[in-house]
Undergrad: 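The following block contains the structure, expressed as structure tokens.
All figures in this text were calculated on a predicted structure; none of them were measured in a lab. Below, each value reflects all heavy atoms present in this structure, side chains not excepted, and no hydrogens, waters or symmetry copies. So you know, we letter chains A, B, ... as the sequences are listed, proteins then strands, and number each from 1.
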Protein chains: 2
Amino acid sequence: MKNIKPKLIRLFKGGYCTPQIARIAKTINEPSATLHYNIKKLENEGAIKTYKAVFDYKKIDEGFCAYVLIAFSPAEYSTPERIARALSKHKEVESVDLITGDWELIIKVRTKDQDEYYNFLRNVISREHGLQKTKSMISLKQFKTEFISL
Amino acid sequence: MKNIKPKLIRLFKGGYCTPQIARIAKTINEPSATLHYNIKKLENEGAIKTYKAVFDYKKIDEGFCAYVLIAFSPAEYSTPERIARALSKHKEVESVDLITGDWELIIKVRTKDQDEYYNFLRNVISREHGLQKTKSMISLKQFKTEFISL
DNA sequence: GTATCTATCTGAACTAGGTTCAAATTTTGA
DNA sequence: TCAAAATTTGAACCTAGTTCAGATAGATAC
């Protein structure tokens, strides 16, 4: 057994998919060549970043999900970008946004379970310099993600 | 001019894409037929929900993004599901999660601009019965979304 | 208003690559 | 240890993505 599943998940998470032109052609009743032209235009404009898969995360050992609010220490107010980009690099991190209000950053994190989430907080969040305070909001139930209803 | 762009965006947001088996085959050096078998298995298990596009949202008139925290009024504590599902139906809503902590729901919303966001709050959030309080956290800069770095 | 240039649309031919199938191999669990 | 089930794979097949050149529509300038 070659255990190809984890490789597929890794690749599909960020790309390795492509439009189904023929199916779209039937759906909206337009010629394939016309759709091809319009899709390539969107890609060349950079409007489409990638084509990827959306998973039922419970079924791929990423059933635990949390939003983490982060506040910087005063010394780091000037370099939120550095921290945001550092956090973005981790595979567990689905999204990173700089926000208005009482907190500076909100990130969405997916792990296998609470134990792995604890490790993530300890090994990634805590070790990042310049963080003053964090607050976890743990997802009890996900109704929609990445525009896909569950 | 047929103005196909909005139709493509609508379709690609939720699906109408498919895996690139040949490219994966080259990348991880496995036969196409083997990959096909493993991918179909993931699909049949329900591990893969769909294949879809990720956009540069600034370029498709969805540049404004906000997270909304929502608290229910006491009378609605027993039916958070109804409200969560109702909110999920709106095209502006990227995600909906029931969470622990001071708030009950967190939703991520994308609109063209602040004006459209205001309309969304007024027409969708305010009209939903059973909400006690909301708090918007507006995204000033997005570093990563849907696992895709920007 | 019309001429010219550019962008978009489209059918047809071409080609890449997804799918099927049957046989071989590996894994499972009785 | 053996039989059933799951996985792997090459080869043939066929769906569907891509290319291209001509047609059409839209934009710009005079």
Undergrad: Which whole-number value in Å describes the distance from A:L42 CG to C:dT8 P?
TA: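 Distance, rounded to whole Å: 11 Å.
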Undergrad: Please work out which of the three classes, parallel, tilted or perpendicular, describes the rings of B:F64 and B:Y117, given edges at 30° and 60°.
TA: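 Because their plane-to-plane angle lies in the 30° to 60° range, the rings of B:Y117 and B:F64 count as tilted.
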Undergrad: Please tell me which of the listed nucleotides, D:dT8, C:dT20, C:dT10, lies nearest to the side chain of A:K2?
TA: D:dT8
Undergrad: Show the nearest heavy-atom pair for residues A:K144 and B:V93, with the distance to one decimal.
TA: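 Residues A:K144 and B:V93, closest heavy atoms: NZ-O, 2.9 Å.
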Undergrad: Check the distance between D:dA16's C1' and B:Q20's CD and give it to me in whole angstrom.
TA: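 B:Q20 atom CD is separated from D:dA16 atom C1' by 14 Å.
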Undergrad: Tell me which of A:A22 and B:L35 sits closer to the 5' end of DNA chain D, going by the nucleotide each one is nearest to.
TA: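 Its nearest nucleotide being more 5', the pick is B:L35.
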Undergrad: Report the distance from atom CG of A:N29 to atom C1' of C:dC9, rounded to the nearest whole Å.
TA: 14 Å
Undergrad: Starting from P on C:dG18, measure out to OH on B:Y51 and report it in whole angstrom.
TA: 11 Å
Undergrad: When the distance from NZ of A:K40 to C1' of D:dT19 is rounded to whole Å, what number comes out?
TA: 12 Å
Undergrad: Which nucleotide wins on minimum distance to the side chain of B:E30, given the candidates D:dT7, C:dG18, D:dT9?
TA: D:dT9
Undergrad: Give me the ring orientation class for A:F120 and A:H90: parallel if the planes are under 30° apart, tilted from 30 to 60°, perpendicular past 60°.
TA: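 The rings of A:F120 and A:H90 stand perpendicular, inter-plane angle above 60°.
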Undergrad: Return the 5'-most residue of the pair A:T18, B:K41 with respect to DNA chain D, ranking by each residue's nearest nucleotide.
TA: B:K41
Undergrad: Among C:dG17, C:dT10, C:dG18, which nucleotide has an atom closest to any side-chain atom of A:Y37?
TA: C:dT10
Undergrad: Please assess A:E30 against B:K2 for the test salt bridge (Lys or Arg N to Asp or Glu O under 4.0 Å), listing each intermediate value before the final yes or no.
TA: CA-CA 10 Å; A:E30 298 285 357; B:K2 304 187 115 187; 2.3 Å; yes
Undergrad: In whole Å, what is the span from the CD atom of A:E45 to the P atom of C:dA7?
TA: 12 Å
Undergrad: Once the angle between the rings of A:F147 and B:Y57 is folded into 0 to 90°, is it parallel (under 30°), tilted (30 to 60°) or perpendicular (over 60°)?
TA: tilted
Undergrad: Pick the nucleotide of DNA chain C nearest each of A:T34 and B:R23; which residue has the one closer to the 5' end?
TA: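 Closest to the 5' end, via its nearest nucleotide, is A:T34.
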Undergrad: Nearest whole Å is fine: how far is C:dT19 C1' from B:I24 CD1?
TA: 15 Å
Undergrad: Considering only side-chain heavy atoms of B:I21, which listed nucleotide, C:dG11, C:dC9, C:dG18, is closest?
TA: C:dG18
Undergrad: Counting side-chain heavy atoms from C-beta on, which of D:dT8, C:dC9, D:dT18 comes nearest to A:N38?
TA: C:dC9
Undergrad: Does D:dG17 have OP1 or OP2 under 4.0 Å away from a side-chain N or O of A:H36?
TA: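 No, outside the criterion.
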Undergrad: In whole Å, I'd like the distance from the CE atom of A:M1 to the P atom of C:dT28.
TA: 7 Å
Undergrad: A:A33 near the nucleic acid: base, sugar-phosphate alone, or nothing, with a heavy-atom cut-off under 4.0 Å?
TA: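 If one applies the 4.0 Å heavy-atom cut-off, A:A33 turns out to touch a base.
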Undergrad: Identify which nucleotide among C:dT19, C:dC9, D:dT9 has an atom closest to any side-chain atom of B:P31, counting heavy atoms from C-beta outward.
TA: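 Among C:dT19, C:dC9, D:dT9, the one nearest the side chain of B:P31 is D:dT9.
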